[in-house]
Amino acid sequence: MLFSERLFLKGKPIWNSCLEHPFLNELSQGILPEDKLCFYIKQDYVYLIDYIKLFALGMVKSSSLKDMQAFSKCAHTIVNIEMDSHIDFAKKFSVSKEDLESTEPNSSNLSYTKFMLQVSTEGGLPELTAALLPCMWSYAYIGKSLSNNKKSLAHPLYREWIMTYASEEYNNENNWCIELMNRISAGLPERELVKLEEIFVLSSKYEYMFWDSCYKKESWSI
């Protein structure tokens, strides 16, 4: 069994729980209140700012030029394409670029990104990849699942969000990261694989917490 297959078996129940969560369940029916999606868009924007840093660290921790180029390409895509797409998508809900840039990460968001950055800074490339992969992989899983539901695609703006993560381009980057995880975990002793599995599962759980906090519109209390 490939290590990614082992990780998938651990992550799938958590990602299915994400799909069953009211946020994605209501989005799939086209009935998610737009204020909740706007809250998510803002939180996801500031999340991505820290997520980008993981790919920069990936370049530092890579031992081959090919991997450095791949991490660089992913970082470029997020910085120069995905962030602009977020800004354009947010405008359709009357959320300005200034609104996005002034957003403070809520506690779940901050805990998640700090966890990934700490693991990635202190660990090697396997730990970094295990930490960042659940975000990419769960979104690809969610996008594909929702794209197979005709009701999910009925709302024109929610359809746009779904198809972004169901797209071939997005899945190609995700597949690269899965392949990387398999390659750099090959030959590692079981104790190290267990550690990587624990990181992967925790990041997956943070994904669920992120959806939940956005649905509840949780923010720092003053």
Side-chain angles (χ1 to χ4, degrees), residues 3-28 32 36-55 57-58 74 77-78 82-83 86 89 103 105-120 123 126-147 149 152 158 161-162 164-167 170-171 173-178 180-181 195-219:
F3 187 55
S4 63
E5 295 172 336
R6 173 171 161 177
L7 294 179
F8 181 76
L9 292 176
K10 291 290 185 176
K12 184 179 179 181
I14 304 171
W15 305 341
N16 283 335
S17 295
C18 292
L19 281 167
E20 293 165 4
H21 188 278
F23 190 104
L24 288 172
N25 182 265
E26 291 177 15
L27 185 146
S28 73
L32 178 70
K36 295 183 185 294
L37 186 70
C38 289
F39 187 91
Y40 159 80
I41 292 170
K42 293 184 212 179
Q43 288 296 316
D44 197 42
Y45 183 86
V46 293
Y47 166 88
L48 284 173
I49 292 173
D50 275 337
Y51 192 61
I52 293 165
K53 298 173 185 176
L54 299 174
F55 294 91
L57 283 169
C74 287
T77 298
I78 299 173
E82 191 169 354
M83 298 299 278
H86 262 64
F89 187 65
T103 299
N106 65 16
S107 56
S108 294
N109 192 343
L110 191 61
S111 295
Y112 186 10
T113 55
K114 294 307 178 188
F115 163 72
M116 289 190 293
L117 286 168
Q118 181 176 351
V119 165
S120 300
E127 286 78 13
L128 179 147
T129 307
L132 69 80
L133 180 55
C135 178
M136 297 177 70
W137 202 349
S138 67
Y139 268 67
Y141 182 83
I142 288 166
K144 182 178 180 180
S145 297
L146 295 184
S147 70
N149 181 351
S152 299
Y158 292 179
W161 183 90
I162 292 166
T164 294
Y165 297 107
S167 69
Y170 184 83
N171 277 269
E173 290 189 352
N174 177 60
N175 290 337
W176 163 77
C177 201
I178 292 171
L180 174 66
M181 185 79 265
K195 179 183 176 183
L196 296 177
E197 187 178 89
E198 290 172 349
I199 292 169
F200 183 89
V201 168
L202 189 49
S203 275
S204 293
K205 289 179 178 178
Y206 269 121
E207 281 292 319
Y208 181 91
M209 292 167 61
F210 189 92
W211 294 117
D212 188 60
S213 71
C214 288
Y215 188 79
K216 295 174 181 175
K217 296 174 68 175
E218 292 180 353
S219 57

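The figures that follow rest on heavy atoms only: side chains count, while hydrogens, waters and symmetry mates do not. All of these numbers come straight from a predicted model, not from anything done at the bench. By convention here, the first residue in the shown sequence is residue 1.
- Asn25 contributes no side-chain N or O that, together with a main-chain N or O of His21, makes up a donor-acceptor pair within less than 3.5 Å.
- Glu127 approaches Gly123 most closely through the heavy-atom pair OE1-C, 3.9 Å.
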Pair Tyr141, Trp137 - check ring pair (Phe, Tyr, Trp, His ring centres under 6.0 Å), show working. CA-CA 6 Å; Tyr141 182 83; Trp137 202 349; 8.8 Å; no
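- The two residues Phe39 and Ser213 make their nearest non-hydrogen contact at CE2-O, 3.9 Å.
- The nearest pair of heavy atoms linking Leu132 to Met116 is CA-SD, 4.3 Å.
- Remark: side-chain polar atoms of Asn109 are paired, donor with acceptor, to backbone N or O of Gln43 under 3.5 angstrom.
- Tyr51 and Tyr47 have parallel rings, their planes meeting at less than 30° on a 0 to 90° scale where 60° marks the start of perpendicular.
- Counting only distance, with no hydrogens or angles, the side chain of Ser203 and the backbone of Phe200 share no donor-acceptor pair below 3.5 Å.
- Between the side chain of Tyr158 and the backbone N or O of Leu32 there is at least one donor-acceptor pair closer than 3.5 Å.
- In this structure, Phe210 and Tyr112 have perpendicular ring planes: the angle between them is above 60°, well past the 30° mark.
- The aromatic rings of Tyr40 and Trp211 sit parallel, their planes meeting at an angle under 30°, below the 60° perpendicular limit.
- Listed here is the closest heavy atom pair of Ala140 and Asn174: CB-ND2, 3.8 Å.
- A donor-acceptor contact under 3.5 angstrom links the side chains of Glu173 and Thr77, judged on distance only.
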Evaluate side chain to side chain contact (heavy atoms under 4.5 Å, CB included) for Leu146 paired with Leu19, printing each intermediate quantity in order. CA-CA 9 Å; Leu146 295 184; Leu19 281 167; 3.9 Å; yes
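- Here the straight-line distance linking atom CG of Leu128 with atom CG of Leu196 works out to 11.0 Å at 0.5 Å rounding.
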